[in-house]
Amino acid sequence: MKFGVVIFPGSNCEQDCHYVIQSVLGKPVEYIWHQDTSVKGFDAVILPGGFAYGDYLRTGALARFSPVMNAVADFAKKGGLVFGICNGFQILTEAGLLPGALLRNVGLKYVCKFEYLKTETADTPFTNLLSKGQLLRIPIGHGEGNFFADAEILRRIEGNGQVAFRYADGAGEITREANPNGSLNNIAGIVNEQRNVLGMMPHPDRSSEAILGSADGKLIFESMVTALVTK
């Protein structure tokens with residue numbers, strides 16, 4: 001198996017993801033330049049966080065036009081695993097690989113802190129080592145993480161069980177106070193209908209070793225490995 005981590009101009013978390021795959025999980029991984037037109041040879045592609053092309057127009061609105069995104073879309077259509085983290089999540093919605101959009105945080109302030117996430121489904125390649133209701137402690141760091149969708153799309157996302165994670169308090173309660181950015185229904189991460197594309201605002205790459213304050217994020221990457229091994 002081989003992971004690929006896309007580098008967009010200005011992105012800054014590709015090294016974090018590369019480190020987790022190579023040094024924490026011990027799996028092969030290579031960088032993919034955003035102007036590449038193929039992701040052939042990879043079994044999973046990660047769109048990392050950072051500030052790809054800046055946040056000045058609309059986050060991810062320019063990055064979606066990078067040549068590699070056509071290859072990523074084709075890869076996802078064929079069932080390949082695609083994981084977008086933070087800015088990567090924003091790019092996936094802008095590219096139409098995930099429904100909805102990410103708006104400015106309620107309060108219009110950048111937020112950087114640890115949050116609790118409640119696992120909503122273990123029935124995805126990204127959560128197969130988790131159990132429904134399991135809490136993860138993973139940090140966020142964003143100014144535009146407020147997930148939004150119109151009523152029909154939101155109804156479909158919820159009805160299909162596409163919500164992977166919601167912001168919760170330490171007791172697992174889904175409350176307004178536990179929502180750091182105003183996301184609809186406290187949504188922190190969703191999958192596509194085929195369940196092979198995940199986007200989430202929190203950074204599991206920043207919580208994959210105990211020395212970072214939490215190793216909970218490692219479970220998501222390990223779930224991907226399990227999915228690829230048993231594919």
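These numbers come from the heavy atoms of this one structure, side chains and all, not from hydrogens, waters or symmetry mates.
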Handout entry: Residue from Asn186, Leu135, Thr127 passing side chain to side chain contact (heavy atoms under 4.5 Å, CB included) with Phe165
Key = Thr127
Problem - Side-chain (Asp216) to main-chain (Ile138) donor-acceptor, under 3.5 angstrom - result: no
Exercise for the section: Please confirm whether the backbone N or O of Gly213 pairs with a side-chain atom of Arg137, one donor and one acceptor, at under 3.5 Å? Expected result: yes
Handout entry: Minimal non-hydrogen separation, Glu14 against Ser11, with atom names
Key = OE1-OG, 3.0 Å
Practice task
For side-chain contact (heavy atoms from CB on, under 4.5 Å), just list the numbers for Met201 and Phe147, CA-CA rounded to whole Å, side-chain angles, deciding distance to a tenth of an Å, and then say yes or no.
Solution key: CA-CA 9 Å; Met201 288 309 298; Phe147 180 80; over 6 Å; no
Handout entry: Glu144/Arg58 ion pair, N-O < 4.0 Å
Key = no
Problem - salt bridge (charged side-chain N to carboxylate O under 4.0 Å, His left out) between Glu120 and Lys118, intermediate numbers included - result: CA-CA 6 Å; Glu120 289 296 312; Lys118 188 173 185 177; 5.2 Å; no
Problem - Side chains of Ser183 and Asn181, donor plus acceptor under 3.5 Å - result: yes
Exercise for the section: Please answer whether the main-chain N or O of Pro125 pairs with a side-chain N or O of Asn128 as donor and acceptor at a distance below 3.5 Å. Expected result: yes
Handout entry: Heavy-atom pair of closest approach, residues Lys2 and Gly41
Key = CE-O, 3.4 Å
Practice task
Kindly say whether Gly4 contributes a backbone atom to a donor-acceptor pair with the side chain of Glu30 at under 3.5 angstrom?
Solution key: no
Exercise for the section: Please examine the side chains of Leu25 and Lys218, heavy atoms only from C-beta on, and report whether any two atoms are closer than 4.5 Å. Expected result: yes
Exercise for the section: Go through the steps for Arg206 and Phe114 under the test side-chain contact (heavy atoms from CB on, under 4.5 Å), then give the verdict. Expected result: CA-CA 10 Å; Arg206 297 178 184 174; Phe114 271 95; over 6 Å; no
Problem - Thr124 side chain to Phe126 backbone, donor-acceptor under 3.5 Å - result: yes
Problem - side chain to side chain contact (heavy atoms under 4.5 Å, CB included) partner of Glu222, chosen from Leu130, Val24, Leu129 - result: Leu129
Practice task
State whether the side chain of Asn87 and the backbone N or O of Thr59 hold a donor-acceptor pair below 3.5 Å, judged by distance alone.
Solution key: no
Handout entry: Donor-acceptor pair, side chain of Asn185 and main chain of Ile187, under 3.5 angstrom
Key = no
Exercise for the section: Apply the test side-chain contact (heavy atoms from CB on, under 4.5 Å) to residues Ile85 and Cys17: give CA-CA distance (whole Å), side-chain angles for both, the deciding distance (0.1 Å), then the verdict. Expected result: CA-CA 10 Å; Ile85 301 168; Cys17 293; 3.8 Å; yes
Handout entry: Check: Val197 main-chain N/O paired with Asn192 side-chain donor or acceptor under 3.5 Å
Key = yes
Handout entry: Main-chain N/O of Glu152 paired to Asp150 side chain as donor or acceptor, under 3.5 Å
Key = yes
Handout entry: Distance-minimising heavy-atom pair for Phe8 and Met69
Key = CZ-SD, 4.0 Å
Problem - Non-hydrogen atoms of Thr121 and Gly161 that approach each other most closely - result: CG2-O, 4.1 Å
Completion exercise
For Asp205 and Cys13, the nearest pair of non-hydrogen atoms, with its separation, is OD2-CB, 3.9 Å
Exercise for the section: Over all heavy atoms of both residues, which pair between Thr93 and Gly100 is shortest? Give the atoms and the distance, please. Expected result: CB-O, 3.4 Å
Practice task
For side-chain contact (heavy atoms from CB on, under 4.5 Å), just list the numbers for Phe83 and Leu47, CA-CA rounded to whole Å, side-chain angles, deciding distance to a tenth of an Å, and then say yes or no.
Solution key: CA-CA 6 Å; Phe83 183 17; Leu47 307 187; over 6 Å; no
Practice task
Evaluate whether atom CD of Glu209 has more than 12 neighbouring non-hydrogen atoms of other residues, nucleotides or ligands under 6.0 angstrom away.
Solution key: yes
